[in-house]
Number of protein chains: 2
Amino acid sequence: MRYSSTHKQETRARLLASCKAIAKQGGFEATGIDTLMSSIGLTGGAFYTHFPSKQALFEELIREELESSSRMLAGDERSDPDHVAKRLRGYLSSFHAANPESGCVLPTLGPEIARSSPAVRKAAEKSLKQTHESWNERLDDSDGAWALIAQCVGALVLARSVESEKTRKEILAACRRHIGRTHTLGL
Amino acid sequence: MRYSSTHKQETRARLLASCKAIAKQGGFEATGIDTLMSSIGLTGGAFYTHFPSKQALFEELIREELESSSRMLAGDERSDPDHVAKRLRGYLSSFHAANPESGCVLPTLGPEIARSSPAVRKAAEKSLKQTHESWNERLDDSDGAWALIAQCVGALVLARSVESEKTRKEILAACRRHIGRTHTLGL
DNA sequence: GTCTATATCTAGATAGAC
DNA sequence: GTCTATCTAGATATAGAC
């Protein structure tokens, strides 16, 4: 064969990484396969050696993004006492609002997940429950943990929906301050 | 002329109402003009007597929906002392989660607004500021008002992203309870 | 104002050469 | 594994009949 034994999986990985960023930036449905493939220097026809359909790519992409977002929100350094506070500062930041391509999947593709297949929503549910459980361990407040996740996701949706940088920063800062007041996190 | 003097504006109104529901249900970009027009019993060609382009329809649709959502969240019965609590119960309900077509535009088209034109985001900003101001009047808590809006929008995004009805209800109930604890609303 | 027909473009997906 | 070429279907938008 003319390609190395790892070539295919490497190409698939590059494709997924690129598609994640593009989909979070401009929406998944809105971007065509030719565009996705040319973003990694290939043509549209080569897509189908890696995925049987665009829908299959969506499912894999969302699955991986949800796990990544779960890690982003929940973190894994269980030793650091105020790492939740750090995660929140990063999440509710202007940088995150301005760079959806490298951020959490929920504020940008949440509605597409909601309209997708049961399998995708099943994966979303699993990741969200993990995040909830992780925060509940620290907050000892199940309701508060769900409220916190909702507030974070909603704040990003709102921040990106307004035009002025001033209002965007105000929304994010208000949520950071409010969380500091209503949760015992040392934010 | 063969049509009444009010016929055109009535058709336009019917078209807008139908498109709002369809777009909130399945996404705006995902639905074609033929489908939108046939939903009110007309064919695609007639669309362009009412709007110069699909984008123009989107802008008008979002503008009206944002004002409607602002009313839905903020309300206008300034006399009722706990009408904020009522609005929140309706917003954070299973019915709302199950019926995006008749619900708030932000949890379903928020990302499309975020990716749209500055004019659309300008309108979104205006409506959001109105809602914020309305709630701030009652809560006397500017940060809390933004946090509340974010939490409501985020809760709907999450609730619709999970598969099981059980988890969906848990997320919504947790947010209702948490708001009851952290805001003085009598929820 | 709405229809049918159509122009033009782009989409997802497949076939066969290399 | 990737390419080019192509099929089919759907999209937005326009033209002209009624």
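Throughout, a chain's letter reflects where its sequence line sits, starting with A, and its residues are numbered from 1.
- To the nearest angstrom, P of D/dT4 lies 12 Å from CE of A/Met37.
- Contact annotation: the side chain of B/Ser127 never approaches that of B/Arg63 to less than 4.5 Å [non-hydrogen atoms, C-beta and beyond].
- In plain terms, the two heavy atoms of B/Ser70 and B/Thr131 that are nearest each other are OG-OG1, 3.0 Å.
- Between the CD atom of B/Gln55 and the P atom of D/dA13 there is a distance of 9 Å, given to the nearest Å.
- The minimum heavy-atom distance between A/Glu29 and A/Lys54, with the atom names listed, is O-NZ, 3.4 Å.
- Side-chain atoms of A/Arg89 and A/Ser93 form no donor-acceptor pair, as typed in the model, at a separation below 3.5 Å.
- Each of A/Glu137, A/Gln130, A/Arg138 was evaluated against A/Ser134; a single residue qualifies, A/Arg138, per the side chain to side chain donor-acceptor pair (under 3.5 Å) test.
- Taking both residues in full, the closest heavy atoms of B/Gln151 and A/Ala150 are given as O-CB, 3.7 Å, listed atom of the first, atom of the second, then distance.
- Between B/Thr108 and A/Arg115, the side chains place a donor N or O and an acceptor N or O closer than 3.5 Å (distance only, hydrogens not considered).
- Following rounding to the nearest Å, A/Arg14 (CZ) and D/dT2 (C1') show an atom-to-atom distance of 12 Å.
- What separates CG of A/Leu57 from C1' of C/dA13 is a distance of 14 Å, to the nearest Å.
- Nearest heavy atom pair, residue B/Asn136 against residue B/Ala145, reads N-CB, 4.0 Å.
- Taking every heavy atom of residues 39-48 of chain B and every atom of DNA chain D, pairs under 4.0 Å involve B/Gly45, B/Tyr48, by number.
- Going from atom CZ of A/Arg12 over to atom P of D/dT2 covers 13 Å, rounded to whole Å.
- Between the side chains of B/Thr182 and A/His183, not a single donor N or O lies within less than 3.5 Å of an accepting N or O.
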Could you pull out the protein-nucleic contacts involving nucleotides 16-18 of chain D (nitrogen or oxygen on both sides, under 3.5 Å)?
none

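- Contact check of residues 28-35 of chain B against DNA chain D (heavy atom, cut-off under 4.0 Å) returns B/Thr31, B/Gly32, B/Ile33.
- Under 4.0 angstrom from either OP1 or OP2 of C/dT2 there lies at least one side-chain N or O belonging to B/Thr11.
- Summarising the geometry, the separation between NZ on B/Lys54 and C1' on C/dC9 is reported as 15 Å, rounded to the nearest angstrom.
- Considering only heavy atoms from C-beta on, A/Thr167 stays 4.5 Å or farther from B/Leu128 through its side chain.
- What separates CG of B/Leu15 from C1' of C/dG1 is a distance of 13 Å, to the nearest Å.
- Across the protein-nucleic acid pair, A/His50 atom NE2 and C/dA13 atom P stand 15 Å apart, rounded to whole Å.
- Looking at A/Lys122 and A/Glu125, no side-chain N of the basic residue comes within less than 4.0 Å of a carboxylate O on the acidic one, giving no salt bridge.
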